[in-house]
Protein chains: 2
Amino acid sequence: MDSRARLVQAMSDLMWERGYAATSPREVRERSGVGQGSMYHHFAGKHELALAALERNCADLLPATEALLASTGDPLARIDAYLSREHQPLKGCKVGRMTQDPLVASDPVLLAPVREAFATIHERLVSVIKEAIALGELGDGLDPDELASMITATIQGGYVLAIAAQDSRPFDEARAGARHLLRAVALCAVQDRKEQK
Amino acid sequence: MDSRARLVQAMSDLMWERGYAATSPREVRERSGVGQGSMYHHFAGKHELALAALERNCADLLPATEALLASTGDPLARIDAYLSREHQPLKGCKVGRMTQDPLVASDPVLLAPVREAFATIHERLVSVIKEAIALGELGDGLDPDELASMITATIQGGYVLAIAAQDSRPFDEARAGARHLLRAVALCAVQDRKEQK
DNA sequence: GTCTATAACCCGATAGAC
DNA sequence: GTCTATCGGGTTATAGAC
């Protein structure tokens with residue numbers, strides 16, 4: 001790993017552990033083992049380094065989620081998989097948490113990669129939900145955008161509850177609640193179709 | 001408003017606007033118009049001031065939510081009301097956001113009021129859900145803890161999505177998704193009971 | 001591309017007069 | 001209870017040699 005990559009890695013880790021404001025270039029330097037001059041050779045300053053770290057986090061996390069949703073097979077099962085993935089609830093989401101860092105949220109440049117990541121997930125999720133509706137797995141009375149936002153919000157909000165409680169249970173409960181609710185309406189949809197026959 | 005209250009108010013505002021780490025005692029002093037000496041007379045330091053601000057935020061926000069959920073009347077309508085309240089999604093939640101501030105989340109003292117606030121909401125919400133199940137408004141196949149966590153997570157996660165998108169729509173979509181999903185399973189429950197007759 | 005040295009400023013906190 | 005003055009240290013960033 002070269003100096004540049006080590007700096008980005010250290011910045012990413014520290015922003016996760018301490019947040020943007022509380023992370024100093026000196027700590028980044030010390031953790032990455034890169035000298036002062038090198039750091040300002042590769043990046044104009046803390047801000048540019050943070051942007052690189054955020055872009056890297058998004059690039060790291062997005063593909064796995066996209067793969068999960070884009071895979072072939074039963075749409076509802078893919079949503080279930082999205083809602084069942086392994087996480088570390090008490091550590092928070094490397095991407096989602098950034099929206100709650102005021103210095104990031106108020107900075108259009110830093111927020112851009114986060115916005116794009118969530119927009120992509122939303123788009124994919126809406127597609128899967130539309131597939132499920134087309135296949136009759138879900139009733140057509142539900143709005144795909146609403147459902148997609150609700151599902152992603154459940155995960156992101158689950159982090160909030162888990163950290164507040166210092167217990168991963170609320171995170172798992174929230175996601176299970178969403179899965180079970182979806183399953184219940186899916187059964188309704190099946191039932192409705194039987195009755196119409 | 002006396003010096004102490006003005007300091008707490010200013011700290012609360014600044015923590016919301018900038019976060020804990022990025023808020024300096026000097027800014028608090030300047031915004032509140034209180035002198036240096038006064039500040040350190042009332043509070044031992046930034047940490048103690050932050051605790052007072054967090055406690056105040058929780059005390060300010062909790063009663064309205066509790067009142068909403070504790071009111072008499074149709075349980076499902078109360079959940080609907082909880083999911084329909086006015087918010088400022090782009091500004092974030094004064095309480096929930098604190099869980100994503102690493103310096104707050106890693107400090108048991110600062111996190112305590114946040115933990116208690118969410119625990120209280122959860123408790124109230126579980127009661128309302130149990131009422132709804134007892135009345136047959138919801139089927140008994142759903143777990144009240146899961147549902148309660150999902151509902152609060154939807155709201156908290158909605159903030160994340162709204163800030164990421166810099167648009168309040170995802171917040172409203174997520175909450176509407178949860179309401180419509182609940183309504184759909186409620187109709188299922190009614191249908192099931194009719195069939196059993 | 002990396003190093004050391006240093007600038008200029010702000011941080012959180014304290015001292016002590018009034 | 002409030003004021004001004006100040007401390008020691010850390011902050012982000014720059015300068016300039018190698």
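Only heavy atoms go into these numbers, but all of them, side chains included; no hydrogens, no water, no symmetry mates. Letters go in sequence order (proteins before strands), and every chain restarts at 1.
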Lys/Arg N to Asp/Glu carboxylate O, [X] vs [Y], below 4.0 Å:
| X | Y | value |
| --- | --- | --- |
| B:E146 | A:R175 | no |
| B:R56 | B:D60 | yes |
| B:E17 | B:R31 | yes |

Contact list please: residues 26-37 of chain B against DNA chain D, heavy atoms, distance less than 4.0 Å, in numerical order.
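Residues of residues 26-37 of chain B under 4.0 Å from DNA chain D: B:G35, B:Q36, B:G37.
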Donor-acceptor under 3.5 Å ([X] side chain, [Y] main chain):
| X | Y | result |
| --- | --- | --- |
| B:E27 | B:S24 | yes |
| A:R78 | A:L68 | no |
| A:K46 | A:T23 | yes |

Six-ring centre of A:Y159, A:K91 cation under 6.0 angstrom, axis tolerance 45°:
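Verdict for A:Y159: no cation-pi partner in A:K91.
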Which sits closer to the 5' end of DNA chain D, A:Y20 or B:H41, going by the nucleotide each is nearest to?
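Closer to the 5' end of DNA chain D: B:H41.
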Which nucleotide of DNA chain C is the first, and which the last, in the 5' to 3' direction, to come under 4.0 Å of a heavy atom belonging to chain A?
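Endpoints of the contacted stretch of DNA chain C: C:dG1 to C:dA5.
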If I take atom OG from residue A:S106 and atom CG from residue B:L90, how far apart are they, to the nearest 0.5 angstrom?
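Going from the OG atom of A:S106 to the CG atom of B:L90 covers 12.5 Å.
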From NE2 of A:H42 over to P of D:dT12, roughly how many Å is that when rounded to an integer?
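For the pair A:H42 NE2 and D:dT12 P, the rounded distance is 19 Å.
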